[in-house]
K.L.:
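First, the structure itself, so that you have it in front of you.
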Amino acid sequence: MTENAGKQLGTKALFQQQQQSQTKQARTGPVIIADGLRTPENIGSLIRLADAMGSKRVLLVGEETDLSSKKISRIARGTDKHIEIEQIPKQQFLNRSAGLQPLIAIELTTQSENLLETALPTQCSLVVGSERHGISEEVLGCCQRSVYIPMFGINGSMNVTHALAMVLYEWRRQHRD
């Protein structure tokens, strides 16, 4: 008899499995900083992703967003209730950024390191930018490093939350608990 992939876990079994694993591990993932993120879809996805990868804090830099939006909560699948989410004006962030160091930008820059060839520090903050313009020059100026994700198609970029997912996964791979 050949082995197969098994049976899909139902919602209840999956929830119980997550509850058990959560009691065994602390939220040690990087702080997630989103500079200028605007769409509820990306904000909700970012929060859900932060929870999935064990981050406990998300900073939304720039314009205020209605975090009570049902769309954000629905996309975040309720994880917004388990993550510390702070909205902060850009100038205030620039004044406080030293306390979040090292800041690692997920951005194509003249100094970006290939994600697959770089060691990510255990303690760090990951910075992503807006869907349209990326990370602003002011916030990028606070970052000590930047990483890029090597891509193999003709497109030169990907959705902000997809890029964050790849970097968080690589961080988690490098820092297994």
K.L.:
Any link between Tyr169 and Met158 through a network of hydrophobic side chains (Ile, Leu, Val, Met, Phe, Trp, Tyr) touching at under 4.5 Å?
P.N.:
yes

K.L.:
Say whether Ile104 and Val31 are linked into one hydrophobic cluster, either directly or through other cluster members, by side-chain heavy-atom distances under 4.5 angstrom.
P.N.:
no

K.L.:
For Leu94 and Gln91, run side chain to side chain contact (heavy atoms under 4.5 Å, CB included): C-alpha distance rounded to whole Å, both residues' side-chain angles, the deciding distance at 0.1 Å, then the answer.
P.N.:
CA-CA 5 Å; Leu94 296 174; Gln91 191 56 52; 4.0 Å; yes

K.L.:
Rounded to the nearest 0.5 Å, what's the gap from CD1 on Ile149 to CD on Glu107? Could you check?
P.N.:
10.5 Å

K.L.:
Looking at every non-hydrogen atom in both residues, tell me the closest pair between Cys143 and Val127 and how far apart they are.
P.N.:
SG-CG2, 4.0 Å

K.L.:
How long is the gap from OG on Ser73 to NZ on Lys81, to the nearest 0.5 Å?
P.N.:
3.5 Å

K.L.:
Is there a side-chain contact between Ile32 and Ile83 in this structure, where contact means two heavy atoms from C-beta onward sitting under 4.5 Å apart?
P.N.:
no

K.L.:
Applying the side-chain contact (heavy atoms from CB on, under 4.5 Å) criterion to Ile33, which one of Ile88, Leu126, Leu103 satisfies it?
P.N.:
Leu103

K.L.:
Is any side-chain heavy atom of Ser97 closer than 4.5 Å to a side-chain heavy atom of Val139?
P.N.:
no

K.L.:
Taking atom CD of Gln101 and atom CD of Gln123, what is their separation to the nearest 0.5 Å?
P.N.:
13.5 Å

K.L.:
Grab the two heavy atoms, one from Arg48 and one from Thr79, that are nearest each other, plus how far apart they are.
P.N.:
CA-OG1, 3.4 Å

K.L.:
Going from CG on Leu164 to CG on Leu49, what distance comes out if it is rounded to the nearest 0.5 angstrom?
P.N.:
4.5 Å

K.L.:
Tell me whether Val160 is reachable from Ile75 by hopping between hydrophobic residues (I, L, V, M, F, W, Y) whose side-chain heavy atoms are closer than 4.5 Å.
P.N.:
no

K.L.:
For Ser136 and Glu138, test the side chains for any donor-to-acceptor distance below 3.5 angstrom and give the result as yes or no.
P.N.:
yes

K.L.:
Could you pull out the closest heavy-atom pair between Arg145 and Ala119, with the gap in Å?
P.N.:
NH2-O, 3.0 Å

K.L.:
Between atom CD of Glu64 and atom CD of Gln87, what is the distance when rounded to the nearest 0.5 Å?
P.N.:
4.5 Å

K.L.:
Answer yes if Met53 and Val147 sit in the same cluster of Ile, Leu, Val, Met, Phe, Trp and Tyr residues linked by side chain heavy atoms under 4.5 Å apart, and no otherwise.
P.N.:
yes

K.L.:
Which heavy atom of Pro102 sits nearest to which heavy atom of Gln144, and what is that distance?
P.N.:
CA-OE1, 3.3 Å

K.L.:
Hey, does Met151 have a side-chain heavy atom less than 4.5 Å from the side chain of Ser157?
P.N.:
no

K.L.:
A side-chain contact here means heavy atoms from C-beta on lying under 4.5 Å apart; do Leu67 and Asp80 qualify?
P.N.:
no

K.L.:
Once rounded to the nearest 0.5 Å, what's the spacing between atom CH2 of Trp171 and atom CG of Leu120?
P.N.:
9.5 Å

K.L.:
Is any side-chain heavy atom of Leu60 less than 4.5 Å from a side-chain heavy atom of Arg38?
P.N.:
no

K.L.:
Could you check Asn114 against Tyr148 for side chain to side chain contact (heavy atoms under 4.5 Å, CB included), going step by step and ending with a plain yes or no?
P.N.:
CA-CA 5 Å; Asn114 182 329; Tyr148 74 92; 3.5 Å; yes

K.L.:
Got more than 12 heavy atoms from elsewhere within 6.0 Å of NZ, Lys90?
P.N.:
yes

K.L.:
Quick check: do Leu100 and Arg57 have side-chain heavy atoms less than 4.5 Å from each other?
P.N.:
yes

K.L.:
Provide the closest heavy-atom pair for Ile135 versus Gly129 in the form atom of the first, atom of the second, distance.
P.N.:
CG1-N, 3.5 Å

K.L.:
With the side chain counted from C-beta on, respond yes when Val128 and Thr161 share a heavy-atom pair under 4.5 Å apart, and no when they do not.
P.N.:
no

K.L.:
Going by the side chain to side chain donor-acceptor pair (under 3.5 Å) test, name the single residue among Arg132, Glu131, Lys71 that passes it with Thr39.
P.N.:
Glu131

K.L.:
Are the side chains of Leu168 and Arg172 in contact, using a 4.5 Å heavy-atom criterion?
P.N.:
no

K.L.:
Please give me the minimum heavy-atom distance between Ser55 and Pro30, naming the atom from each residue.
P.N.:
OG-O, 2.6 Å

K.L.:
With Ile43, which of Ile85, Val58, Asp66, Leu37 fulfils side-chain contact (heavy atoms from CB on, under 4.5 Å)?
P.N.:
Leu37

